[in-house]
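Below is one structure; the comments refer to it alone.
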Amino acid sequence: MRADRLVATLLYMQTRGRVTAAEVATELEISVATARRDLQALSTAGIPVYPQPGRGGGWSLVGGARTDLSGLTGPEAQALFLLLGPMATATPATRSALRKLLRALPQSFRTEAEAAAGAIVVDPARWGERDERPPAVVTELQQAVVRRRKVAFHYDRAGTRTHRVVDPWGLVDKDGIWYLVAGTDRGQRTFRVDRIADTELLDDASHRPDDFDLSTAWSEVVEEVERHRSTLEAAVLVPDRLLPVLRHQQGRHCVVDGPADDGRTRVRITAPTPLMIAQQLAGWGTALEVLRPQSVRDELARLGAELLARYQN
């Protein structure tokens with residue numbers, strides 16, 4: 001669109017100061033004649049752009065005039081480019097958008113923003129694993145969310161396939177597993193994207209509540225899931241030197257209650273079943289002591305007996 005081109009031309013002039021039509025044409029991948037017409041259009045529209053003929057001439061903004069299209073403060077610009085920098089190589093559209101944002105910044109912010117954009121590289125693949133790209137269906141669902149269109153798909157769960165038509169509200173990447181948060185005739189629901197098949201973007205407009213916030217909605221989903229995963233508690237004694245490791249391993253499923261009388265720390269480990277708690281703690285051997293419930297102690301004893309029977313000479 002010409003409006004996009006005119007904005008890009010203005011931002012380019014702010015970056016370079018004085019430009020020629022040929023330079024604009026090369027930067028925006030248009031003809032020199034088109035670049036010249038765009039520069040003249042900016043001048044006609046009242047933008048302080050003027051030509052300077054002759055050797056070393058070109059087009060300049062009068063008096064170095066600038067247009068800050070971003071409205072960002074210095075700290076905001078740094079934060080934004082620290083976030084966007086790792087995405088800069090994702091797609092041509094992403095690179096173009098990042099370049100335009102950078103040009104929109106005042107010169108005093110631009111140097112630090114450029115440094116921020118190149119300060120971080122995100123490598124999502126663990127050692128020994130390949131970089132997992134989002135499933136192709138994620139792109140289709142993103143389009144449905146952005147374009148506010150209903151989407152139909154087949155959903156597989158517990159061996160049963162059902163046909164769904166939903167209002168897509170947002171997508172969440174949870175440690176490499178994608179989820180679709182959507183509205184249905186039964187209210188808000190969450191779908192695992194890897195269980196979705198035969199996606200079809202419909203012509204019907206989707207409805208999204210005005211007060212819907214994806215971050216808030218996902219936090220509520222996480223809290224609900226964690227409640228279901230934390231139906232059983234085990235009281236455990238752990239030496240202080242091992243407490244940081246246990247907390248890192250168990251995350252929100254490890255709650256510190258405080259110091260015990262023998263110098264160790266009392267914690268609570270949560271999970272849905274006694275076996276799951278026992279499996280998580282068995283590898284610690286006698287470094288940890290489970291006080292209760294007896295069901296978890298029994299499972300630990302059973303696991304120990306099984307290992308002894310398997311590996312004892």
Side-chain angles (χ1 to χ4, degrees), residues 70-91 93-94 97-98 100-101 104-105 113 116-117 119-126 131-153 155 157 164-196 199 201-202 205-231 247-255 270 272:
S70 70
L72 297 174
T73 65
E76 288 172 343
Q78 287 186 47
L80 177 62
F81 280 85
L82 278 170
L83 177 65
L84 294 180
M87 302 290 294
T89 59
T91 64
T94 305
L98 194 65
K100 289 178 180 178
L101 278 174
L105 295 176
I120 297 175
V121 170
V122 175
D123 183 357
R126 296 180 180 179
D131 184 4
E132 293 292 335
R133 299 296 179 181
V137 68
V138 169
T139 301
E140 299 177 57
L141 294 172
Q142 284 177 330
Q143 288 298 313
V145 172
V146 172
R147 296 170 62 182
R148 299 291 181 93
R149 300 265 293 279
K150 288 182 180 291
V151 64
F153 53 80
Y155 192 66
R157 183 177 182 182
R164 307 293 184 98
V165 177
V166 305
D167 295 319
W169 292 347
L171 288 157
V172 176
D173 178 2
K174 176 73 168 177
D175 194 24
I177 299 177
W178 286 84
Y179 296 86
L180 170 68
V181 181
T184 72
D185 54 4
R186 299 179 61 185
Q188 178 181 311
R189 291 292 185 272
T190 304
F191 302 92
R192 275 186 60 146
V193 171
D194 58 3
R195 296 174 182 169
I196 292 175
T199 307
L201 188 62
L202 305 179
S206 66
H207 170 70
R208 175 171 169 167
D210 293 337
D211 60 350
F212 176 80
D213 178 76
L214 182 59
S215 295
T216 301
W218 181 248
S219 295
E220 293 170 353
V221 170
V222 170
E223 290 296 332
E224 181 65 21
V225 171
E226 295 294 358
R227 277 196 296 271
H228 286 293
R229 294 179 61 187
S230 305
T231 53
R247 295 185 68 181
H248 176 75
Q249 181 193 75
Q250 297 295 321
R252 67 174 69 201
H253 297 288
C254 177
V255 179
T270 60

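For residues 137-150, the pairs satisfying side chain to side chain donor-acceptor pair (under 3.5 Å) are Arg149-Asp203, Lys150-Asp167, with sequence neighbours left out. Pairs engaging residues 179-193 under the side chain to side chain donor-acceptor pair (under 3.5 Å) rule: Arg192-Asp194 [sequence neighbours left out].
With contacts defined as side-chain heavy-atom distances shorter than 4.5 Å, the pair Val181/Phe212 qualifies.
Put simply, CZ on Arg252 and OG1 on Thr270 are 10.0 Å apart, with the number rounded to the nearest 0.5 Å. If you take CH2 on Trp178 and CG on Leu141, they are separated by 10.0 Å, rounding to the nearest 0.5 Å.
Results of the side-chain contact (heavy atoms from CB on, under 4.5 Å) test with Leu180 over Val138, Val137, Leu171, Thr199 single out Leu171 as the only residue that passes.
For Val165 against Ala152, the heavy-atom pair with the smallest separation is CG2-CB, 4.0 Å. Nearest approach of Gly183 to Trp169, heavy atoms of both residues: CA-CZ2, 3.5 Å.
Classification of the Phe191-Tyr155 ring pair by plane angle, with boundaries at 30° and 60°, yields perpendicular.
With sequence neighbours excluded, the residues satisfying salt bridge (Lys or Arg N to Asp or Glu O under 4.0 Å) with Glu224 are Arg227.
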